[in-house]
Amino acid sequence: MSKPSLPQGTRDFGPEVVRKRQYILNTIRSTFELYGFQPLETPAMENLDTLMGKYGEEGDKLIFKILNNGLSDAKNSEKAKAAFEKVLSGKNDKDLTERALKYDLTIPFARYVAMNHQTLTLPFKRYQIQPVWRADRPQKGRYREFYQCDADVVGSNGLLNEVELSAIYWQVFSKLGVNVEIKINSRKILAALAEACGGSDKMVDITVAIDKLDKIGLEKVKEELQTRGLDEHQIAIIAQYLAIDGTNTEKLNKLKELVGSLPTGAIGIEELEFVISQFAELVQGDQTAPSPLVVDFTLARGLNYYTGIIFEVKALGVQMGSIGGGGRYDDLTGLFGVPNIPGVGISFGVDRIYDVLEELQLFPQEVQTGTQVLFFNLGTAESKAAFSLMQQLRNNGICCELYHEQAKFDKQFKYADKKHIPFAVILGTKELENRTCMVKHLGKGEQQEVSWESLQEAVSGL
RNA sequence: GUAGCCAUAGCUCAGUUGGUUAGAGCGUCUGAUUGUGGUUCAGAAGGUCGCCGGUUCGACCCCGGUUGGUUACCCCA
C-alpha cells in the first residue's frame, strides 16, 4: 500500500486551524450581514464555456478541467481519440471535457446574475465564501485550492456603495485587531494617464507595469514600459505621475495638474474625493481624523474588468502582500448577454489574513476552546451520575464530555490540557455520597467543591 | 511553462572525506504514583536512510534516472 498523501497545493485543516479560520470567516460573514449582504453559493463546477476566456490567456491555462465520464466505453473510443488529438493541438473539445472547477467567485456570480436578473431585486448585494481551484504551481501563500470571500453589489451606480464597502473593510479589520491601510485609486485615472500619454490603447500595458512598482522599483518599471512599446516622452509623463506624493488631498491636487483637464481624469478625481470625504464623515464621523483610506496612484490591480474605483488592503507592521482587494466593474454580466448591470465588489484573502493574525498573535484565547468541561471518569456509578449532570449542562448549551474510560488522573488531566478544556469536574465516591463535585479550573489550578445544583453556575463564569 | 533547493524514527533535524551495530531532541507508551495534571527520574517501542538503476570488495553517502515536497520567475489570492 502506498503512503497516503494529498494532491499538490491542497491542505487538510486540523481542529485548531479550522477554529481559527472560522473565527476569521465568522467575523467577515457577520459584518457582511450587518451591511445587508445576502449569502450565495454556487457549484464547485461550472460549464467550461462559462469560465473559458474570462480570465485571459494565462487564466485559461490555470482552469482545472474535469474529464468527461464514459470515455472508456467502446462506442465512444473513436470520438474520444479525435477529441484528444484536438486538445493536443491546443483546442478544447467537448467530447473530452465540458466542465471545470470554478476559478473564482466573481464569474459564477455574474453567471448567476445573468440567469436570474429578471427575478432579482436590484441592487443585489451578495456575499459568497467558498473554495476555488487553480491549476497553478503552488508556492508560499499560494495553493491550488483556497477560499475566496467576496461581497459585491450589482445594479447600482451609486458611489455610496464604495463608501460602504470601505467601511466593511475597516470594520472587519478593526474587529480582528489588524492595523490596515486601504489603498484606493481609480481606473479612470489610469485611463486618463494613458490618454495623457497619447496612447489610450496602451492602458493595459501601463497598468500592468506600474502595478509592479513597489516590487521591482522605478527603473525596472521604466524598462518594462519600454519593452511594452512606450516612447521616452510617454515614460516621462508616467514617471511624473508615479512621483506624486503627500496627503490624500495633496496627491489629488497634484494629479489635477497632470490629468485634471481630461474629462475621464476629472471624473476619476471627483469620485475619489467623494468616497474619501464621505468615508470620513459617515463612517468615521470625524473629518479631521487620520483616514485608513490612502490614495495610491500606483495601485492598478491585475484584473482587467475593473473600470472605476479600485481597492487593495495592506496590513501594517507585517511583511505580507495584500490581504484584500476589489473595485468597480461596469459591465460584468455583459459577458453573458445581459448588458448594463454595473457592479462593485471587495474580496478578503483569508489565507493571508490567517498568517497575519498568527504572526501578530491576534487570535483570542477563546478561539481554541471547544469542550468547556471535562468530567473525569472514576468508575461506573460515578460516571453514571456524571452523565446525567452532563446532559443538564448540554441542555443549557455548555459543551462537555466524559473521559472515555476509567483512567489515572494523570491521563485525564493531560487529555484536558491538550484539548484546551478550561474545567475539569471530579466526581468520585466521596462526592457521589454528598451529591457534590469538585470543579477545577485548569488554568488557575484552583478548585472548589459545589453541589450538583450549582455546577452550572460554577462552570459558566470563567 | 522555466529554474534552484530538499528527501534519514510519528515530528524537527544531526551524521559518515564510501567501512561492520545509523544518532539526538520533541512526541508516544510503561513505571516511580490505586483521588489531583503541566515538573522530575528510570525504562521501552519506533528506521530496507523516498524509489529504481549504476560505479565499488563494500553505498544512507558518489553518479544517472524517477517520484514527492518546497522556493523563485511568469501570473496571481
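To find a chain, count down the sequence lines: A is the first, B the second, and so on, and within it residues start at 1.
No contact: E57(A) has no heavy atom under 4.0 Å from any strand. Note on G141(A): a base of the nucleic acid sits closer than 4.0 angstrom, heavy atoms only. No engagement by F376(A) is indicated, since no non-hydrogen atom pair under 4.0 Å with the nucleic acid exists. Using a 4.0 Å heavy-atom distance criterion, I426(A) is classed as a base contact. Residue-level contact check: G56(A) touches neither bases nor backbone, having no heavy atom under 4.0 Å from any strand. L442(A) comes within 4.0 angstrom of a base, heavy atoms only. Among the heavy atoms of the strands lying under 4.0 Å from T429(A) is at least one base atom, whether or not backbone atoms are also near. Among the heavy atoms of the strands lying under 4.0 Å from G428(A) is at least one base atom, whether or not backbone atoms are also near.
Across every strand in view, U2(B) sits in a pair with A72(B) that passes the Watson-Crick or G-U test at under 3.5 angstrom. For G25(B), the paired nucleotide is C11(B), the pair qualifying as Watson-Crick or G-U wobble because both relevant distances are below 3.5 Å. U20(B): no Watson-Crick or G-U partner with both key distances under 3.5 Å is found in any strand. When both distances must be under 3.5 Å, the Watson-Crick or G-U wobble mate of G37(B) does not exist.
For E164(A) and K125(A), the salt-bridge test passes: some basic side-chain N is under 4.0 Å from an acidic carboxylate O. Of the charged side-chain nitrogens involved, none lies within less than 4.0 Å of a carboxylate oxygen, so that D211(A) and R301(A) do not count as a salt-bridged pair. Using a 4.0 Å cut-off between a side-chain N of Lys or Arg and a carboxylate O of Asp or Glu, K140(A) and D355(A) do not qualify as a salt bridge. Between K61(A) and E58(A) there is a salt bridge, with a side-chain nitrogen of the basic residue lying less than 4.0 Å from a carboxylate oxygen of the acidic one.
Only the P atoms considered, G47(B) is 10 Å distant from A9(B), to the nearest whole Å. Here, U21(B) and G15(B) have their C1' atoms 15 Å apart, quoted to the whole Å. Comparing the C1' positions of C74(B) and U17(B) gives an interatomic distance of 42 Å, to the nearest angstrom. Between the P atoms of A32(B) and U16(B), the separation comes to 42 Å (whole Å). Here the separation of U66(B) from A3(B), taken at their P atoms, is 13 Å to the nearest Å. Across the C1' atoms, U2(B) and C52(B) are found 27 Å apart, a figure rounded to whole Å. Distance check on atom C1': G19(B) versus C61(B) gives 12 Å, rounded to whole Å. With C1' as the reference atom, C49(B) and A14(B) are 13 Å apart, rounded to whole Å.
Of the candidates A77(B), G35(B), A72(B), the closest approach to any side-chain atom of Q139(A) belongs to A72(B). In the set G37(B), A77(B), C75(B), A77(B) carries the atom at the smallest distance from any side-chain atom of F146(A). Which of G38(B), G35(B), A77(B) sits closest to the side chain of K414(A) comes down to G38(B). Ranking G69(B), G1(B), U36(B) by closeness to the R137(A) side chain, first place goes to G1(B). In the set G31(B), G38(B), C75(B), C75(B) carries the atom at the smallest distance from any side-chain atom of R142(A). Which of U71(B), G35(B), U28(B) sits closest to the side chain of K140(A) comes down to U71(B). Closest to the side chain of K408(A), out of C75(B), G69(B), U33(B), is U33(B).
The main-chain N or O of V221(A) is never found under 3.5 Å from a side-chain atom of K212(A) such that the two would form a donor-acceptor pair.
Put simply, K411(A) has no side-chain N or O that comes within less than 4.0 Å of OP1 or OP2 on U28(B). Between U36(B) and Q412(A), no contact under 4.0 Å exists linking OP1 or OP2 to a side-chain N or O. When the side-chain nitrogen and oxygen atoms of K212(A) are compared with OP1 and OP2 of C75(B), one or more of them lie within a distance under 4.0 Å.
For F13(A), the CZ atom counts as densely surrounded, since its 6.0 Å shell holds more than 12 non-hydrogen atoms of other residues, nucleotides or ligands. For E405(A), the CD atom counts as densely surrounded, since its 6.0 Å shell holds more than 12 non-hydrogen atoms of other residues, nucleotides or ligands.
Put simply, the side chain of E431(A) and the base of G35(B) share a donor and an acceptor less than 3.5 Å apart. You'll find a donor-acceptor pair under 3.5 Å spanning the side chain of K440(A) and the base of G37(B), going by distance alone. Judged by distance alone, with hydrogens and angles left aside, Q447(A) brings a side-chain donor or acceptor within reach of the base of U36(B), the pair sitting under 3.5 Å.
Ring pair Y241(A)/F297(A) is tilted by interplanar angle, where 30° to 60° counts as tilted.
Mapping Q8(A) and G324(A) onto RNA chain B via the closest heavy atom, the residue that lands nearer the 5' end is Q8(A). Taking for each of L427(A) and K418(A) the nucleotide of RNA chain B with the nearest heavy atom, the 5'-most of the two is the partner of K418(A).
In this structure, F413(A) does not pack face-to-face on the six-membered ring of G38(B), missing the 5.5 Å centre cutoff or the 30° plane limit.
Between the C1' atom of G1(B) and the CD atom of E58(A) lies a distance of 9 Å, rounded to the nearest Å. Atom CZ of R134(A) is separated from atom P of C76(B) by 9 Å (rounded to the nearest Å). Look at CD1 on I28(A): it is 13 Å from C1' on A77(B), rounded to the nearest Å. Rounded to an integer number of Å, the gap from CZ of R301(A) to P of A77(B) is 6 Å. Going from atom CG of D60(A) over to atom C1' of G1(B) covers 15 Å, rounded to whole Å. For the pair H441(A) NE2 and G38(B) P, the computed distance is 18 Å after rounding to whole Å. Here the C1' atom of nucleotide C29(B) and the CG atom of D410(A) are 12 Å apart, to the nearest Å. Nucleotide C75(B) holds its C1' atom 16 Å from the CG atom of D205(A), rounded to whole Å.
R134(A) forms no cation-pi arrangement with Y55(A), by the criterion of a distance under 6.0 Å to the ring centre and an angle within 45° of the ring axis.
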